[in-house]
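Written out below as C-alpha cells is the structure these notes cover.
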Amino acid sequence: MIQFGVIVRNFSSSSAVQSAIKNVTVIGGGLMGSGIAQVSAQAGQNVILVDVNSDVLTKSQKSISNNLGRVAKKIYKDKPQEGEKFVTESMSRIKTSTDPVSAIKSADLVVEAIVENIDVKHELFKKLDEAAPSHTILASNTSSLSIDEIASVVKRKDKFGGLHFFNPVPVMRLLEVVKGAETSDATYEAMMAWGKSVGKTCITCKDTPGFVVNRLLVPYMAEAVRLFERGDASARDIDIAMKLGAGYPMGPLELGDYVGLDTTKFILDGWHKKYPEEALFKPIPLLNKLVSEGKFGVKTGEGFYKYEKK
Ligand SMILES: CCCCCCCCCCCCC[C@H](O)CC(=O)SCCNC(=O)CCNC(=O)[C@H](O)C(C)(C)COP(=O)(O)OP(=O)(O)OC[C@H]1O[C@@H](n2cnc3c(N)ncnc32)[C@H](O)[C@@H]1OP(=O)(O)O
Ligand SMILES: NC(=O)c1ccc[n+]([C@@H]2O[C@H](COP(=O)([O-])OP(=O)(O)OC[C@H]3O[C@@H](n4cnc5c(N)ncnc54)[C@H](O)[C@@H]3O)[C@@H](O)[C@H]2O)c1
C-alpha cells in the first residue's frame with residue numbers, strides 16, 4: 001500500500017517538480033540503468049540508454065515496458081486506454097545506443113550505472129568529459145566508490161556529483177545526492193531539482209564510504225552471510241527472522257540475490273582493499289564461491305536461492 005502511494009505521488013501532475021534538465025543519457029542498461037531510464041522517461045524527459053552490450057539493451061527495453069505497465073495499472077486503474085498511452089509515450093522517449101560518445105551530444109545530465117569498478121568508470125568518464133557539451137552534468141550511481149575519486153579523471157569537477165538510486169528504482173523512494181569536494185552549488189541544486197522531478201525524496205550526504213544507506217546496509221548484509229556460512233541458521237530462517245522480527249520487506253540474503261552477488265562482491269572487495277584492518281569488510285569465502293560459480297542471484301537464476309529464469 002505504501003508503494004501504491006509512492007507511485008501515485010511520483011507521477012501525479014499536481015506534484016510534478018520542474019527541472020531544467022530535459023535530456024538525460026543513462027550509461028549502463030542493467031538493473032539500475034534501466035530503472036533510472038524508466039523514471040526519467042515517465043517524468044517527461046528524453047532519454048538515451050547506453051550499454052556495451054546490445055542484447056542487454058533489448059532486454060532492458062522489455063523490462064522497462066513491463067514495469068511501466070505495472071505503474072500504469074495503478075495510476076490509470078479505471079482508464080486502461082490512458083494507461084496504454086502513458087506506456088507508449090514514455091517508451092517513445094527512450095532511445096538506445098551502444099556508443100556513449102554520440103549518445104551524450106545533447107545531454108544535460110549523464111547518469112552512469114555501469115559495473116562497480118573504479119578503473120572501468122575512469123575510462124568511461126574520461127571519454128564522456130571530453131565529448132560532452134560544457135554545460136553537461138556528469139553523475140555516478142556508484143554504491144560504494146568515492147565520488148571524488150571517480151571525478152579525479154574529469155576536468156569539469158564542479159559539474160560532477162553522486163546520484164545514488166535504490167533497487168528497484170521505480171519503487172524505492174529515496175535518492176542520495178552526493179556533493180563531492182569540488183561539486184558546485186549550482187550542480188548540487190540542479191541534481192536535487194532533477195531528483196525531485198523524477199519523483200524521489202532526496203537526501204544529501206558527503207562523499208563518505210557507502211553514503212548513508214550502504215554504510216549501514218553493507219555490514220548488516222555481510223554479517224548475515226557469515227551467520228549462514230557458520231551454519232548458525234538456514235538462509236530461509238535468517239531471511240524470515242529479519243522480515244518478521246525487524247519488519248524489513250526482504251531478508252538480507254534475498255536482498256543480496258536481488259541486488260546481484262557480483263555487485264555485492266565488488267563492493268565488499270573494494271572496501272576491504274581500502275580498509276584492510278576492518279573486520280566487517282573481510283572477504284567472505286561463501287560469497288566468493290557463489291560468484292566464482294556464476295551464481296549472481298536473481299539475474300543468473302541462482303544465488304543463495306534458485307529462481308525461474310525470465
Ligand atoms: C548478501 C551478500 C552480502 C555481501 C556483502 C555486503 C554487500 C552489501 C551490498 C549492498 C548493496 C547495495 C546496493 C545499492 O547501492 C543500494 C540498494 O539499492 S539496496 C536495495 C534497496 N532495496 C530494497 O531494500 C528492496 C526491498 N524489497 C522491497 O521493497 C520489495 O520486496 C519489492 C522489491 C518492492 C518487491 O515487493 P513484493 O511485495 O515482494 O513483490 P511485488 O512484485 O508484489 O511488488 C510490490 C509492488 O511493487 C511493484 N513493483 C515491484 N517492482 C517494480 C518495478 N521494477 N517497477 C514498477 N513497479 C514495481 C509491484 O507492481 C507491486 O505493486 P502492487 O501490486 O503492490 O501495487
Ligand atoms: N544492483 C543494485 O541494487 C544497485 C543499487 C544502487 C546502485 N548500484 C550501482 O549501480 C551500478 C550498476 O549496477 P547494476 O546492478 O545496474 O549492474 P548490472 O550488472 O545490472 O548492469 C551494469 C551494466 O553496465 C554495462 N556496462 C559495463 N561496462 C560498461 C561501459 N563501459 N559502458 C557501457 N555499459 C557498460 C554492462 O553491460 C551491464 O549491462 C554499480 O555502480 C552499482 O554499484 C547498484
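Start at 1 with the first residue, then count along the sequence. Atoms within each ligand, like the ligands themselves, are counted from 1 in listed order. Just so it is clear, the values below take in all heavy atoms, side chains as well, and ignore hydrogens, waters and symmetry mates. Just so it is clear, the model here is predicted, and its values are computed rather than measured.
Here the shortest heavy-atom distance to atom 66 (O) of ligand 1, taken over Lys74, Met221, Glu254, Lys265, belongs to Lys74. Ranked by closest heavy atom to atom 9 (C) of ligand 1, the top entry among Leu217, Asp269, Thr264, Leu286 is Thr264. Counting heavy atoms only, Ser143 comes closest to atom 13 (C) of ligand 1 of the residues Pro283, Pro252, Ser143, Pro249. Around atom 59 (C) of ligand 1, the closest heavy atom drawn from Arg70, Glu116, Lys243 belongs to Arg70. Here atom 5 (C) of ligand 1 lies nearest to Ala222 when heavy atoms of Pro168, Gly251, Ala222, Ala72 are compared. Taking each of Gly260, Pro170, Ala224, Gly256 in turn, the one with a heavy atom nearest to atom 56 (C) of ligand 1 proves to be Pro170. Within the set Val171, Ile267, Val291, Val71, the minimum heavy-atom distance to atom 49 (N) of ligand 1 is found for Val171. In this comparison of Val50, Asn53, Asp51, Leu31, the heavy atom closest to atom 37 (O) of ligand 2 sits on Asp51. Residue Ala113 holds the heavy atom nearest to atom 12 (C) of ligand 2 of all those in Ser34, Gly30, Ser60, Ala113.
At a 4.0 Å heavy-atom cut-off, ligand 1 touches Tyr258 through the side chain alone. At a 4.0 Å heavy-atom cut-off, ligand 2 touches Ile27 through the side chain alone. Heavy atoms of Lys121 found under 4.0 angstrom from ligand 2 belong exclusively to the side chain. Residue-level proximity to ligand 1 for Val169 is absent, since no heavy atom of it falls below 4.0 angstrom. Both the backbone and the side chain of Asn167 come within contact range of ligand 1, each with a heavy atom under 4.0 Å. The proximity of Phe266 to ligand 2, defined as any non-hydrogen pair under 4.0 Å, does not occur for either the backbone or the side chain. When non-hydrogen atoms are compared, ligand 1 lies under 4.0 Å from neither the backbone nor the side chain of Asp257. Within the 4.0 Å heavy-atom criterion, neither part of Thr263 lies near ligand 1. The part of Val225 lying near ligand 1 is the side chain, judged by heavy-atom distances below 4.0 Å.
Salt-bridge annotation for Glu130 and Lys155: absent, with no side-chain N of the basic residue lying under 4.0 Å from a carboxylate O of the acidic one. Electrostatic pairing of Asp108 and Lys22 does not count as a salt bridge here, judged by no charged N lying under 4.0 Å from a carboxylate O. A salt bridge links Lys274 with Glu149: the distance from a Lys NZ or Arg NE/NH1/NH2 to an Asp or Glu carboxylate oxygen falls below 4.0 Å. Taking the charged nitrogens against the carboxylate oxygens, Asp148 and Lys157 have no contact shorter than 4.0 Å, which rules out a salt bridge. Using a cutoff of 4.0 Å between basic side-chain nitrogens and carboxylate oxygens, Glu223 and Arg226 are scored as salt-bridged.
Ring planes of Phe86 and Tyr76: tilted class, angle from 30 to 60°.
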Working for side-chain contact (heavy atoms from CB on, under 4.5 Å), residues Val120 and Ile114: CA-CA 8 Å; Val120 185; Ile114 67 167; 3.7 Å; yes
Verdict with reasoning, Gln45 to Ser19, per side chain to side chain donor-acceptor pair (under 3.5 Å): CA-CA 10 Å; Gln45 295 155 13; Ser19 157; 5.0 Å; no
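Of all protein heavy atoms, the one closest to atom 18 (P) of ligand 2 is Lys299 NZ, 3.9 Å. The protein non-hydrogen atom at the shortest distance from atom 10 (O) of ligand 2 is Asn141 ND2, 3.0 Å. At the top of the distance list for atom 44 (C) of ligand 2, counting protein heavy atoms only, stands Met32 CG, 3.4 Å. If you check which protein heavy atom lies closest to atom 41 (O) of ligand 2, you get Glu116 OE1, 2.5 Å. Regarding atom 1 (N) of ligand 2, its nearest protein heavy-atom neighbour is Val259 O, 3.0 Å. Ranking protein heavy atoms by distance to atom 32 (N) of ligand 2, first place goes to Val52 CG1, 3.6 Å. In terms of protein heavy-atom proximity, atom 42 (C) of ligand 2 is nearest to Ser143 OG, 3.5 Å. Scanning the protein for heavy atoms near atom 29 (C) of ligand 2, the closest one is Ile114 CG2, 3.6 Å.
Taking a cut-off of under 4.0 Å to the non-hydrogen atoms of Met250, the atoms of ligand 1 that pass are 26 (C), 27 (N), 31 (O), 33 (C). Against a heavy-atom cut-off of under 4.0 Å, His164 is close to the following atoms of ligand 2: 6 (C), 7 (C). In the vicinity of Leu287, heavy-atom distances shorter than 4.0 Å reach the ligand 1 atoms 4 (C). If you number the atoms of ligand 2 from 1 as listed, the ones under 4.0 Å from a heavy atom of Val56 come out as 39 (O). Counting atoms of ligand 1 from 1 in the listed order, those under 4.0 Å from a heavy atom of Phe166 are 16 (C), 17 (C), 18 (O).
Hydrophobic clustering of Ile, Leu, Val, Met, Phe, Trp and Tyr side chains at less than 4.5 Å, counting indirect connections, unites Met32 with Met191.
Enclosure of atom CD in Glu293 by more than 12 non-hydrogen atoms of other residues, nucleotides or ligands within 6.0 angstrom is indicated.
Met192 CE to Asp185 CG: the interatomic distance, rounded to the nearest 0.5 Å, is 12.0 Å. Taken to the nearest 0.5 Å, the CG atom of Leu268 stands 10.5 Å off from the NZ atom of Lys282. Atom CG of residue Leu287 and atom CZ of residue Phe304 lie 6.0 Å apart, to the nearest 0.5 angstrom. Taking CG of Leu128 as the reference point, atom OG1 of Thr136 lies at 9.5 Å (rounded to 0.5 Å). In this structure, Ile137 CD1 and Asp158 CG are separated by 9.5 Å, a value rounded to the nearest 0.5 Å. Note that CG of Asp269 and CD1 of Ile284 are 9.5 Å apart. Values are rounded to the nearest 0.5 Å.
Ligand 2 does not have Glu123 within reach: every non-hydrogen atom of the residue lies 4.0 Å or more from it. Within the structure, the closest approach of Phe304 to ligand 1 falls below 4.0 Å when heavy atoms are considered. Residue His164 places a heavy atom under 4.0 Å from ligand 1.
Looking at Cys202 and Lys196, their side chains come closer than 4.5 Å, going by heavy atoms from C-beta outward. For the pair Asn167/Met172, no side-chain contact is recorded, criterion being any heavy-atom separation below 4.5 Å from C-beta on. In this structure, Glu112 and Phe125 have side chains that are in contact, with non-hydrogen atoms separated by less than 4.5 Å.
A side chain to side chain donor-acceptor pair (under 3.5 Å) with Glu116 holds for exactly one of Asn141, Thr263, Thr142; it is Thr142.
At a 3.5 angstrom cut-off on N or O pairs, Gln38 does not count as close to ligand 1.
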